[in-house]
Every structure is written in structure tokens, then in C-alpha cells.
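Quick notes on the structure that follows.
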Amino acid sequence: MPIELGAIVRIARKELREIARSGQLRWAAVIVSVLFATSLLLGWRGQQRIRAERDAAEQVARAQWDRQPPKNPHTAAHYGMYLFKPRPILSYFDEGITRWAGVSVYLVAHIQKTVANAAAEDATTALRFGTLSPASVLQLFVPLLVILLASPMFAVERERGTLKQLLSLGIHPTTLLVGKATGAAVALLALLLPALAVGIAIMWIGAGTAAVVGHAPRLLLMAATYAAYATIWLLLSLAISAWAKTGRAALVSLMGFWLFSSIVAPRVGADVAKHAFRPPVAVDLEAQILNEIGSRVYGQRGAQRVAVMEAQVLAQYGVERVEDLPISLIGAQLQAGEDTAAVIIDEHYDRLWATFERQHATVRVLALAAPFIAIRSLSQGLAGTDVAHHRHFAQAAEQYRRRFVRVLNDDITRNASNTDYARYRGDVDLWRRAPTFSYAPPPLREVLRNTAVDAMTLGGWLVASLLAAVLAVRRGSLAD
């Protein structure tokens with residue numbers, strides 16, 4: 001495949017001049033740049049405000065727990081504590097499901113509460129149309145800009161009659177393709193690189209060098225992902241332009257595919273997945289879990305379990321009466337009940353998360369026909385704002401709840417009386433022994449494993465678009 005570097009440079013320069021002369025393209029570029037810069041600034045300011053609110057709420061919740069008056073530890077376990085979901089630093093770039101997933105979870109004995117109080121609950125119906133974020137600008141509007149840049153490159157030259165002249169000079173069609181793609185790519189880089197630099201600078205100033213360095217692998221992968229996405233649209237635009245008879249036909253065809261990929265397919269995928277795999281409502285899920293706990297822990301089966309446990313504990317300590325035990329049998333029974341409840345909770349939530357996985361897999365199928373779905377999943381995964389990250393936090397919060405309740409039950413087991421359990425009281429020292437919640441998001445390798453299918457889909461689109469562009473310029477209507 002002969003590719004002439006000098007010819008590529010000349011063609012690229014010619015395309016850059018054409019782009020610079022186009023007033024419509026200049027205005028489109030300005031609008032996209034302003035949208036991107038504005039969304040970066042607003043996203044960072046909003047994130048900082050929400051992080052400050054979250055930190056303040058967390059301090060208040062912990063202070064309320066530590067300062068509660070003396071009471072029975074099991075009563076304190078039902079009094080509970082609130083945890084608040086940390087906001088990922090890259091959520092200012094891509095909010096993902098953050099507004100719909102909830103930000104706080106209430107920890108109490110016996111039951112796992114769902115993460116609640118999502119921002120969408122207090123929003124107007126306008127939120128259904130989405131929010132402006134840097135990710136949405138890149139996913140939705142950059143393809144439109146690419147279409148405006150590249151759709152006329154072959155088709156308009158064919159209309160003018162200059163395409164045959166170029167080919168008659170001995171320029172290979174592949175050289176022509178590479179030259180035009182290079183010109184469009186340089187124009188896009190000149191537009192987007194300053195805006196991306198501004199985004200990193202905002203993060204650097206607001207979060208510090210350590211945050212930027214720590215997130216460098218994710219930032220680099222995100223940049224590569226969006227570069228691949230823009231390249232897909234560029235190659236598709238050039239392929240359609242090479243096949244189309246007129247510039248208008250190329251533009252209409254590409255706009256139709258953009259509408260399908262970015263608007264129709266995601267909506268259809270979400271609706272199909274929702275109706276095919278319906279998760280239980282949070283209230284119904286909690287009721288199901290509590291009913292099963294009531295049966296297996298406190299019902300007839302529970303009574304049998306308590307009797308068996310009592311006999312085992314008496315034999316373990318070599319005594320015949322509960323009153324002679326050196327520990328509180330009630331505390332041990334409470335913790336055994338929590339352990340049994342944990343098994344029940346895990347069974348129900350495993351089914352819930354499996355339902356969400358099936359929904360996601362259903363939507364992923366449409367990514368084979370819509371690259372927007374693949375880039376959206378990849379972007380949310382790298383930003384830490386997808387369903388997998390939300391699940392990771394919910395499970396971490398549940399594991400903390402179990403440790404938190406165990407501290408209280410262990411205190412009862414060690415210190416309460418078997419004859420007068422109701423009079424036992426915990427105090428500030430006990431409340432402060434409850435562990436502090438510290439959340440670490442999943443490592444990058446786990447994120448890459450969760451998004452591997454989306455990455456392969458996007459890679460497939462990149463290869464397919466490249467082949468389509470090459471075939472279009474070599475076998476398409478260029479010879480007409």
C-alpha cells in the first residue's frame with residue numbers, strides 16, 4: 001500500500017485551510033469548546049460543594065453516634081449510624097450513575113439498607129434529559145463536530161469534479177484518505193487539547209499533585225479511549241463521504257447514524273433491559289429479607305437453633321445452668337443471629353446484583369451497533385461512577401455494618417449479665433470503639449476487568465471503521 005508522506009502533508013494542509021475558511025465550522029468548534037470548558041468548571045465546582053457537604057454530614061453522623069447517652073448496646077445497634085458515599089475525584093468529568101445511585105446508607109442491626117437519597121429524587125423532570133458534563137460533551141457533541149469536519153471531504157470534491165483530478169495525478173486513494181484524516185485530526189487536537197489541559201489544571205489546582213499523579217493511569221486510559229472514539233467517528237465520516245454522491249447525502253446519513261447511536265439505541269437498550277430483568281423495589285426487597293430472617297432466625301427454626309446453641313455453649317464452658325456461664329448467652333445468640341441474617345442478606349443481594357448485571361449485558365449487545373454505549377460504559381468505569389463502583393461501595397458499607405454490630409454484640413457477650421440483661425448499659429467508651437469507616441475504591445485492574453467487554457467492543461468499532469474507510473476510498477464511488 002503506497003503512502004507518500006509529502007503528499008499526505010500537502011493534503012492535510014489543504015484540508016486545514018478549508019476548515020479554517022469555513023465560518024460554520026469555526027462557530028461549531030467555538031460552541032463545543034465553550035460547552036466543554038463550562039462543563040469542566042461547573043463539574044468541578046459542583047463536586048467540591050458536594051464533597052464538602054458529604055464531609056460535614058459524615059462528621060455530624062459520627063458525632064451523634066459518639067455522644068448518644070448510655071443505653072443497651074443492642075438498642076444502640078437499632079439506633080444506628082449513617083455512612084456517606086465518597087465522591088470519586090473524576091466524577092467531575094463523568095457523573096455516570098451518581099445522581100441516580102444514592103449517597104447515604106443507614107446502618108442498623110439485622111438488615112442491610114440500600115444506598116439512598118439520590119440527587120435525582122429532588123430534581124425536576126428536566127434531569128431526564130441528562131446533565132451537561134465534560135463526558136457528555138465529548139460523547140455527544142464531538143462526533144457532531146467530526147461529522148461537520150469530515151463528511152464533505154470526499155463527497156464535496158466529487159461534486160466539484162476535483163476528486164478525479166487528484167486521482168489522475170497519481171495520488172493513491174489510501175494516501176488521500178490518510179491526508180484528509182490527518183488534517184481533520186490536527187484540527188480536532190487543536191480544539192480539544194487546550195480544553196483537556198484546562199481540565200487537568202483544574203484538578204491539579206483543586207486536588208493537588210498527589211491526586212493527579214495517583215489518577216494518571218486512569219486519565220491516560222480515558223484520553224486514549226476518547227481518542228479512539230473520535231477516530232471511529234472520523235473514519236466512519238470519511239467512509240460515508242467516499243461512498244456518498246453528494247455532501248448533503250453524506251451529512252444526512254451520518255446524522256442519522258449519530259441519532260441512532262447516541263439517542264435511540266441507549267434509550268431502547270435501557271427500556272428492553274428494564275422490562276426483561278426487573279429488580280425488586282427497595283421496600284419489597286427489605287420486606288422479603290426481613291420475612292426470611294424472621295422465619296430462620298426468630299421463628300420455629302430460630303428457636304431450634306437457639307436451643308442447640310445454648311446446649312453447645314453450656315457444654316463448652318462445662319456448666320449446667322445459663323446463670324453460671326462466664327459470658328452472656330444473649331450476646332452470643334444476638335451475634336449468631338446476625339451471622340445467619342448475613343447469609344440471607346447475601347443471597348438476596350447476590351440475586352439483585354445479578355439482575356443488574358443481566359441488564360448491563362443486554363444494553364452491551366446494542367453497543368455492537370452503537371459505539372456511544374461502549375464509550376459511555378468505559379468512561380463511567382474509568383471515572384469510578386458506574387454500577388460496579390456503586391456495588392463495591394454498597395458491599396463495603398455492608399461489611400462495615402457487620403463489624404460495627406459485632407463490636408456491640410461482643411461487648412454484650414463479655415459484660416452483660418445472664419440474669420439481668422435488660423439493665424446492662426453501654427457508654428461513650430463503647431460507642432467510640434465502633435470502627436471508623438474508611439473506603440478504598442476498587443483498583444484499576446478490577447476496573448479494567450469489568451470494562452474489558454466494552455474495551456473490546458470499542459476496539460472492534462475502531463478496526464471496522466478503518467476497514468470501511470479503506471474499502472470506501474479504494475472500491476467505492478471514487479472511480480465514478
Side-chain angles (χ1 to χ4, degrees), residues 41-69 71 73 75-124 127 131 133 202-203 206-208 210-211 214-215 282-283 286 349 380 383-408 426 428-442:
L41 291 170
L42 292 178
W44 184 259
R45 287 184 60 188
Q47 185 198 65
Q48 294 301 94
R49 175 182 55 80
I50 292 171
R51 285 168 72 95
E53 291 174 352
R54 182 252 177 204
D55 291 344
E58 187 176 57
Q59 292 175 6
V60 169
R62 183 68 200 205
Q64 288 176 339
W65 170 261
D66 289 343
R67 296 171 184 170
Q68 63 182 312
K71 62 182 67 170
T75 303
H78 282 281
Y79 174 76
M81 179 194 299
Y82 275 97
L83 290 185
F84 297 88
K85 183 180 178 182
R87 190 156 176 106
I89 194 168
L90 291 178
S91 64
Y92 85 101
F93 179 83
D94 191 339
E95 285 193 330
I97 67 166
T98 301
R99 288 179 177 265
W100 289 267
V103 296
S104 65
V105 57
Y106 183 41
L107 309 182
V108 291
H110 309 313
I111 186 67
Q112 175 181 351
K113 299 285 187 178
T114 56
V115 185
N117 298 316
E121 296 175 5
D122 299 322
T124 64
L127 188 63
T131 56
S133 68
I202 290 173
M203 181 176 168
H215 287 79
V283 175
E286 183 173 324
Y349 271 88
Q380 291 177 2
T385 57
D386 61 351
V387 174
H389 279 79
H390 181 70
R391 176 181 182 177
H392 190 270
F393 168 77
Q395 291 176 331
E398 172 59 11
Q399 292 305 312
Y400 172 80
R401 183 191 73 84
R402 295 175 188 180
R403 295 196 304 272
F404 160 77
V405 174
R406 182 180 292 275
V407 168
L408 302 176
V428 173
D429 289 338
L430 173 58
W431 314 145
R432 290 178 178 173
R433 286 207 305 272
T436 301
F437 180 67
S438 179
Y439 175 69

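Values below: all heavy atoms of this structure, side chains included; hydrogens, waters and symmetry mates excluded.
Between the OG atom in Ser104 and the NZ atom in Lys113 there is a gap of 12.0 Å [rounded to 0.5 Å]. Rounding to the nearest 0.5 angstrom, the gap separating the CD1 atom in Ile97 from the NE2 atom in His389 is 10.5 Å. Here the OG1-OH distance, from Thr436 to Tyr400, works out to 6.0 Å after rounding to the nearest 0.5 Å. Distance check, rounded to the nearest 0.5 Å: OH of Tyr106 to CD1 of Ile111 gives 13.0 Å. With rounding to the nearest 0.5 Å, the separation of OG1 in Thr98 from CG in Asp386 is 9.5 Å. Note that OH of Tyr349 and CZ of Arg391 are 12.0 Å apart. Values are rounded to the nearest 0.5 Å.
Under the 4.5 Å side-chain criterion, counting only non-hydrogen atoms from C-beta, Gln395 is not in contact with Gln112. Using a 4.5 Å cut-off on side-chain heavy atoms (C-beta onward), Lys71 and Tyr79 make contact. Gln47 is not listed as a side-chain neighbour of Glu95, based on a closest heavy-atom distance of 4.5 Å or more. Residues Tyr92 and Leu41 fail the side-chain proximity criterion, which asks for heavy atoms closer than 4.5 Å.
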Audit row: Leu90, Thr385, side chain to side chain contact (heavy atoms under 4.5 Å, CB included) steps and yes/no: CA-CA 8 Å; Leu90 291 178; Thr385 57; over 6 Å; no

Pair Ile89-Trp44, side chain to side chain contact (heavy atoms under 4.5 Å, CB included): steps then yes or no: CA-CA 9 Å; Ile89 194 168; Trp44 184 259; 4.2 Å; yes

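Under the side-chain hydrogen bond (donor to acceptor under 3.5 Å, both in side chains) criterion, the residue pairs touching residues 57-67 are Arg54-Glu58, Arg62-Asp66, with sequence neighbours excluded.
Nearest heavy-atom pair across Arg87 and Arg51 is O-NH1, 2.8 Å. Phe84 approaches Phe393 most closely through the heavy-atom pair C-CZ, 4.1 Å. Closest approach of Tyr439 to Pro86, counting heavy atoms only: CD2-CG, 3.8 Å. Of all heavy-atom pairs spanning Pro441 and His392, the tightest one is C-CE1, 4.0 Å. Gln68 approaches Trp431 most closely through the heavy-atom pair O-NE1, 3.1 Å. Taking all atoms of both residues into account, the shortest heavy-atom contact from Leu107 to Ala397 is CD2-O, 4.0 Å.
When the shell of 6.0 Å around CZ of Arg433 is examined, it contains more than 12 heavy atoms from other residues, nucleotides or ligands.
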